[in-house]
Amino acid sequence: MFPPDYRMQKIMAAPEVARREWRLDVIRARVDGRIVSETDEGWDTARKAWNLAAAQRPPVVAFPETTRDVIELVAFCRSQGLRLAPQGTGHGAAPLGAIQDALLLKPSQMRDVAIDASRRRARVGAGALWREVQSAAAEHGLAGLSGFSPEIGVVGYTLGGGLGWLSRRHGLACNSVLAADVVTADGRLLHVDREHEPDLFWALRGGGGSFGIVTALEFALYPVRTLYAGALLWPQERAAEILHAWQAWTAGVPDSVTSVGRLLNVPPVREIPEGLRGRSFVLVEAACLVAEGDGVELLRPLRELGPEIDTFAMLPPTELGALHMDPVDAVPAFLDGWLLRDLPPAAIDALLEAAGPGSGTPLHSVELRHLGGALADAAPEHGALASLDAGFATVTINRVMNSSQAALERHAAIVRSALAPWEAERNYPNFAERSFNVSDLFSPVTCERLGRIKTQYDPKDLIRSTHPVPTVQVQV
Ligand SMILES: Cc1cc2nc3c(=O)[nH]c(=O)nc-3n(C[C@H](O)[C@H](O)[C@H](O)COP(=O)(O)OP(=O)(O)OC[C@H]3O[C@@H](n4cnc5c(N)ncnc54)[C@H](O)[C@@H]3O)c2cc1C
């Protein structure tokens, strides 16, 4: 155990929380990984999230190298009265706020990726990125259920559901999880699967990061050598015609097709190719798990609308990461998203009025993702987020550049209120970029079960997560 004789000392002006100087010498002696505090070199880099708009000011940042390090860090936090916030990349950092009450645990050194090709499964460390998993899996003709951006952390994404280009065929990534290694708030290392700690296994699959620190995750891979994937782009003046045509087209496509209808105001940034930079487009992006001839046939009705740019081709799954053009490097970002029960033509008109040509919106990207297919199947063996009870999702992802974050938030709210008549009852955790109440994300029955599991595994609420599941009063 750690000695409780830390020196209380105010070391910086923080109105909300008195800062202390922690016994870092003790923890440094016990872990292999780097421990960084405010007075250390590299502090500003250490505390940063991928989303630079999240101004994180934790008292300490730790970079564990092993599971043993994680166990030591949990013991340290408990002895010092600190909470602990695991963070893979910080793509989902916005809802966490400044994190002034918790040690920020960044497992970026725990990046092992092992592919078991014969059993079609992957085992990855807590810090692995989807890019790393997809390139290792592709060597065996396999792919995991990555999101659109390959820079996202596998663990954070999967704990919050996991929606990507293969989703309509294979469902949410969380429901392809086979096992996890978890360090719990009392410092135990548990191997969790259907037979071992089944409640915790259920909660981790979509219920978020409230229940423990995941040090490794095992999940199913699917055979995918190539897909017919790409984007069709038209000038945004044609947005009404194209989005209506796309919406009608989605009604007839098989679940091998996952697509997006998108309004894109391309920011004038250097990573974007010159022909696109600074222009406004309406796009259809899609990934089709079909042979080329079938893909061409599927796309025909949209292609007949004469896109200015057509990038469709047979691609390996490793190239899907570039399709959506999400920013790779850390940027100040604003993301908002919510689910729609359905998307009748009137909803497209409402979206266009709020964010289409002539709306003056500062939002860079407003997209409609087609859901359904396997995403709608709530199989009994699934986890806490068993399915998405919605036909479409709306997502806006923006770099905070010339427009302030407040202006982007205001305009996202305008789009959301325009689509309110079609909004689904619940939100999707990974797109809920503000601190949400879990009752906005899950049914009352699921909330109640998540609360009981949180109370069992972390009764003192040591773990700080993006969408915290509160503990519940246990009846005696
Ligand atoms: C540009 C961009 C594109 C996106 N595209 C998609 C998409 O296509 N599909 C989709 O579903 N989502 C998408 N998202 C949302 C993204 O999946 C979530 O933000 C997700 O939480 C990111 O996971 P992370 O580990 O990278 O982020 P982090 O911010 O590091 O993690 C988010 C949360 O996960 C939990 N967590 C992370 N690691 C651990 C751990 N080891 N143990 C316990 N808890 C942990 C913590 O609560 C943490 O706060 C996108 C977000 C951005 C910014």
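No hydrogens, no waters, no symmetry mates; every other heavy atom, side chains included, goes into these values.
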Test item: [X] side-chain N/O and [Y] main-chain N/O as donor-acceptor pair under 3.5 Å:
X    : Y    : result
N175 : L385 : yes
D458 : I463 : yes
H467 : P429 : yes
D32  : P64  : no
R262 : V284 : no
K106 : A46  : yes
W50  : V328 : yes
N51  : A93  : no
R168 : V257 : yes
Y428 : L163 : yes

Next on the checklist: Before you tell me yes or no, could you show the steps for S465 and S210 under side-chain hydrogen bond (donor to acceptor under 3.5 Å, both in side chains), namely the whole-Å CA-CA distance, both residues' side-chain angles and the distance that decides it to 0.1 Å?
Outcome noted: CA-CA 5 Å; S465 70; S210 292; 2.9 Å; yes
Minimum heavy-atom separation for [X] and [Y], please, with both atom names.
X    : Y    : answer
L178 : D193 : O-CB, 3.4 Å
A173 : Y157 : CB-CE2, 3.7 Å
A333 : A53  : O-CB, 3.8 Å
A354 : A418 : CB-CB, 3.9 Å
P301 : L305 : O-CG, 3.7 Å

Item to check | Proximity of F281 and W234 rings by center, below 6.0 Å | outcome: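 No, the ring of F281 stays outside the 6.0 Å limit from the ring of W234, centre to centre.
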Looking at [atom1] of [X] and [atom2] of [Y], how far apart are the two atoms once the value is rounded to the nearest 0.5 Å?
X    : Y    : atom1 : atom2 : answer
C288 : E297 : SG    : CD    : 12.0 Å
L264 : L283 : CG    : CG    : 5.5 Å
D294 : L299 : CG    : CG    : 11.5 Å
L227 : E319 : CG    : CD    : 10.5 Å
M110 : L105 : CE    : CG    : 8.0 Å
D440 : N427 : CG    : CG    : 7.5 Å

Would a 4.5 Å heavy-atom cut-off, applied to side chains only, mark [X] and [Y] as touching?
X    : Y    : result
S108 : R111 : yes
E423 : R341 : no
L363 : L408 : yes
Q236 : L263 : yes
L315 : T226 : no
L289 : L166 : yes
V415 : L351 : yes
F431 : D336 : no

Item to check | Residues in salt bridge (charged side-chain N to carboxylate O under 4.0 Å, His left out) contact with R238, at least two apart in sequence or another chain | outcome: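 R238 satisfies salt bridge (charged side-chain N to carboxylate O under 4.0 Å, His left out) with E241 only.
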Item to check | Verdict with reasoning, L129 to V133, per side-chain contact (heavy atoms from CB on, under 4.5 Å) | outcome: CA-CA 7 Å; L129 305 183; V133 177; over 6 Å; no
Checklist entry - Should R426 and D389 be marked as a salt bridge (charged side-chain N to carboxylate O under 4.0 Å, His left out) after you check the CA-CA gap, both sets of side-chain angles, and the distance that decides it? => result CA-CA 8 Å; R426 306 216 156 75; D389 191 11; over 6 Å; no
Checklist entry - So, R121 and D116, do they make that salt bridge, N to O below 4.0 Å? => result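 No.
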Checklist entry - If you measure from the Lys or Arg side-chain nitrogens to the Asp or Glu carboxylate oxygens, is any gap between R449 and D199 under 4.0 Å? => result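 Result for this pair is yes, salt bridge flagged.
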Examine the side chains of [X] and [Y] and answer whether a donor and an acceptor come within less than 3.5 Å of each other.
X    : Y    : result
D181 : H191 : yes
H370 : Q247 : no
D377 : S387 : no

Checklist entry - In terms of heavy-atom contacts, does CG of N437 have more than 12 from other residues, nucleotides or ligands at under 6.0 Å? => result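 Yes.
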Item to check | Criterion salt bridge (charged side-chain N to carboxylate O under 4.0 Å, His left out) on R369 and E285, from CA distance to verdict | outcome: CA-CA 9 Å; R369 294 194 186 189; E285 298 164 351; over 6 Å; no
Checklist entry - Who passes ring-ring contact (aromatic ring centres under 6.0 Å, His included) against F219, sequence neighbours left out? => result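 Testing F219 for ring-ring contact (aromatic ring centres under 6.0 Å, His included), a comparison that skips the adjacent residues, returns W130.
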Item to check | Check against side-chain hydrogen bond (donor to acceptor under 3.5 Å, both in side chains), Q109 and D69 | outcome: CA-CA 11 Å; Q109 302 303 305; D69 278 1; over 6 Å; no
Checklist entry - Parallel, tilted or perpendicular: which fits the ring planes of W246 and F392, with parallel below 30° and perpendicular above 60°? => result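 Because their plane-to-plane angle is over 60°, the rings of W246 and F392 count as perpendicular.
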Checklist entry - Which class fits the ring pair F148 and W165: parallel under 30°, tilted 30 to 60°, perpendicular over 60°? => result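 The arrangement is parallel - the two ring planes meet at less than 30°.
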Checklist entry - Is there a side-chain contact (heavy atoms from CB on, under 4.5 Å) between Y457 and E197 once you walk through the steps? => result CA-CA 10 Å; Y457 287 95; E197 315 284 340; 2.4 Å; yes
